[in-house]
Number of protein chains: 2
Amino acid sequence: MFSKSCKYAIRAVLYMAYKTSPDQRVGVKEIADTLDVPGPFLAKLLQQLTRNNLVSSVKGPNGGFFLSEKNRNEPLRKVVECIDGPEVFSACILGLPVCSSENPCPLHTQAFIYREGLLQMVGKKTVAEIAAQVTQEGLSV
Amino acid sequence: MFSKSCKYAIRAVLYMAYKTSPDQRVGVKEIADTLDVPGPFLAKLLQQLTRNNLVSSVKGPNGGFFLSEKNRNEPLRKVVECIDGPEVFSACILGLPVCSSENPCPLHTQAFIYREGLLQMVGKKTVAEIAAQVTQEGLSV
DNA sequence: AGATAAAAAGACTTTTATATCTTTTTTTAT
DNA sequence: ATAAAAAAAGATATAAAAGTCTTTTTATCT
Ligand code: SF4
Ligand code: SF4
């Protein structure tokens, strides 16, 4: 479903959601080490998210990445679409060129329902909400 | 979710399900042309499926690929797992190393349901059943 | 038996995704 | 002002996926 890049990005953002604030920044290295993800690669992803205003950063000593109030209230979907592109949730599961109700693919009924379910979830819940669930339920990124 | 290879394979098998029988074979070229898929590449996939007894073939003049009675009664899941490996349905959606109920990932609840639903479907329904749905409902591969 | 048609197998190429390395810019602390 | 720390940007490298091409084998038909 999601690319490796996207998985890294989701995890990093959720991690930042409960680890950072505008004056509690964290460096790429710490995130990468914690999540056990390639550092320079994650840096790229975070930069991309920063350019799209889904993550914030400050340079220089004591700088680092963090989530602003605005950042944490974005639906997680934006992070996903920023990395994997807006097609992730609309692309056909069977790779057919067009998905229409008139000409749907063989797996239509079931595949559609479940993908739609995932979309609903990341589209509705914000980064902060999902991160809250994580800490409350003792889950781990 | 599925690799391109897997999508090609699913479509090819469903196509064969209503186009072929032990004495109605079809060549790679016809399948590839109909599905608009790269021929030599599809050939590889069909060969792999054949080696795993999910598709049947005969060589020589008037030879080609087809589905035996046994082939069409396999759950579609086997085709998927033959191409994408058995991990497709067990691998973590977020790429975490281990997925356990004690230590589940942030998207656990919803993501799990989504994937489980898809698994149920391709695990229960046979190739023939799904193909029948296709023709009945006027869907297209 | 010989010719032929098709799959099977293997080698190879291209493209895309993933990962690393190097240099530059910006900010903060001294 | 200067030094240092960190992100930003760009270039490069590696690996995996997708696609192509060539040769070999096998079945069928005449
Ligand atoms: S509903 Fe069916 S046709 Fe549409 S994108 Fe999903 S799998 Fe493809
Ligand atoms: S349930 Fe959660 S932890 Fe388990 S595989 Fe799915 S996404 Fe990963």
Side-chain angles (χ1 to χ4, degrees), chain A residues 1-12 16 20 22-33 35-68 71 80 82-85 87-88 91 94-95, chain B residues 1-12 16 20 22-33 35-68 71 82-85 87-88 91 95:
Chain A
M1 182 79 228
F2 302 135
S3 71
K4 235 168 169 182
S5 296
C6 190
K7 292 172 185 172
Y8 293 166
I10 293 174
R11 294 173 63 203
M16 284 193 283
T20 74
D23 42 66
Q24 283 282 108
R25 277 98 72 161
V26 67
V28 194
K29 188 158 173 23
E30 179 183 326
I31 307 179
D33 287 352
L35 305 185
D36 194 25
V37 148
F41 190 67
L42 180 60
K44 291 279 170 188
L45 299 172
L46 292 177
Q47 281 156 28
Q48 189 176 342
L49 291 170
T50 302
R51 276 195 299 277
N52 288 273
N53 303 309
L54 296 169
V55 159
S56 308
S57 71
V58 306
K59 293 182 178 179
N62 292 316
F65 292 96
F66 66 98
L67 295 194
S68 68
N71 292 155
V80 171
C82 177
I83 302 296
D84 274 355
E87 300 285 283
V88 217
L94 288 191
Chain B
M1 182 80 228
F2 302 136
S3 70
K4 236 165 166 182
S5 296
C6 191
K7 293 171 184 172
Y8 293 166
I10 293 175
R11 293 173 62 202
M16 284 192 283
T20 73
D23 41 65
Q24 282 283 106
R25 276 98 70 162
V26 67
V28 193
K29 188 158 171 25
E30 178 184 328
I31 307 179
D33 287 352
L35 304 186
D36 193 26
V37 147
F41 191 66
L42 181 60
K44 292 278 170 183
L45 300 172
L46 292 178
Q47 281 156 28
Q48 189 175 342
L49 291 170
T50 303
R51 275 195 299 276
N52 287 273
N53 304 309
L54 296 170
V55 159
S56 308
S57 71
V58 305
K59 293 181 179 180
N62 291 319
F65 292 96
F66 67 96
L67 295 194
S68 68
N71 293 154
C82 178
I83 302 296
D84 274 354
E87 299 285 284
V88 218

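Note that the structure is predicted; figures quoted are calculated from it, not measured. All chains are named by letter (A, B, ...) in the order of the sequence lines, taking the proteins before the strands, and each is independently numbered beginning at 1.
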Output all residues satisfying side chain to side chain donor-acceptor pair (under 3.5 Å) with B:Ser56, sequence neighbours left out; order by chain, then residue number. B:Asn71
Heavy-atom nearest pair, B:Asp84 first then B:Cys6, reads OD2-CB, 3.2 Å
Verify side chain to side chain contact (heavy atoms under 4.5 Å, CB included) between B:Asp23 and B:Phe66, making sure each step is shown before the conclusion. CA-CA 8 Å; B:Asp23 41 65; B:Phe66 67 96; over 6 Å; no
Shortest non-hydrogen contact between A:Leu49 and A:Ala9, atoms and distance: CD1-CB, 4.2 Å
Going from CD1 on B:Ile83 to CG on B:Leu45, what distance comes out if it is rounded to the nearest 0.5 angstrom? 5.0 Å
For nucleotides 26-30 of chain D, print each protein N/O atom paired with a nucleotide N/O atom at under 3.5 Å, atom names and distance only.
from: D:dT26; atom 1: O4'; to: B:Lys59; atom 2: NZ; distance (Å): 3.3

Side chain to side chain contact (heavy atoms under 4.5 Å, CB included) with B:Val26: which residues, sequence neighbours excluded? B:Met16, B:Thr20, B:Glu30, B:Ile31
B/S/- along nucleotides 12-22 of chain D (protein heavy atoms under 4.0 Å) is ------BBB--
Can you list everything that forms a salt bridge (charged side-chain N to carboxylate O under 4.0 Å, His left out) with B:Lys29? Sequence neighbours excluded, please. B:Asp33
How close do B:Phe65 and B:Val28 get, counting heavy atoms only, and between which atoms? CE1-CG2, 3.4 Å
Indicate the atoms forming the closest heavy-atom contact of B:Arg11 with B:Val37, along with that distance. NH1-CG2, 4.0 Å
Under the side chain to side chain contact (heavy atoms under 4.5 Å, CB included) test, residues paired with A:Pro38 that sit two or more places apart: A:Tyr8, A:Phe41
Check B:Leu42 against B:Ala12 and note the closest heavy-atom contact, atom names and distance. CD1-CB, 4.0 Å
Tell me the bend of the helix from C:dA1-D:dT30 to C:dT30-D:dA1 as the angle between end helix axes, each from five pairs, rounded to the nearest 10 degrees. 0°
With heavy atoms of chain A within less than 4.0 Å as the criterion, where does contact along DNA chain C begin and end? C:dT18 to C:dA29
Would you mind listing every side chain to side chain donor-acceptor pair (under 3.5 Å) that reaches into residues 36-53 of chain B, with sequence neighbours excluded? none
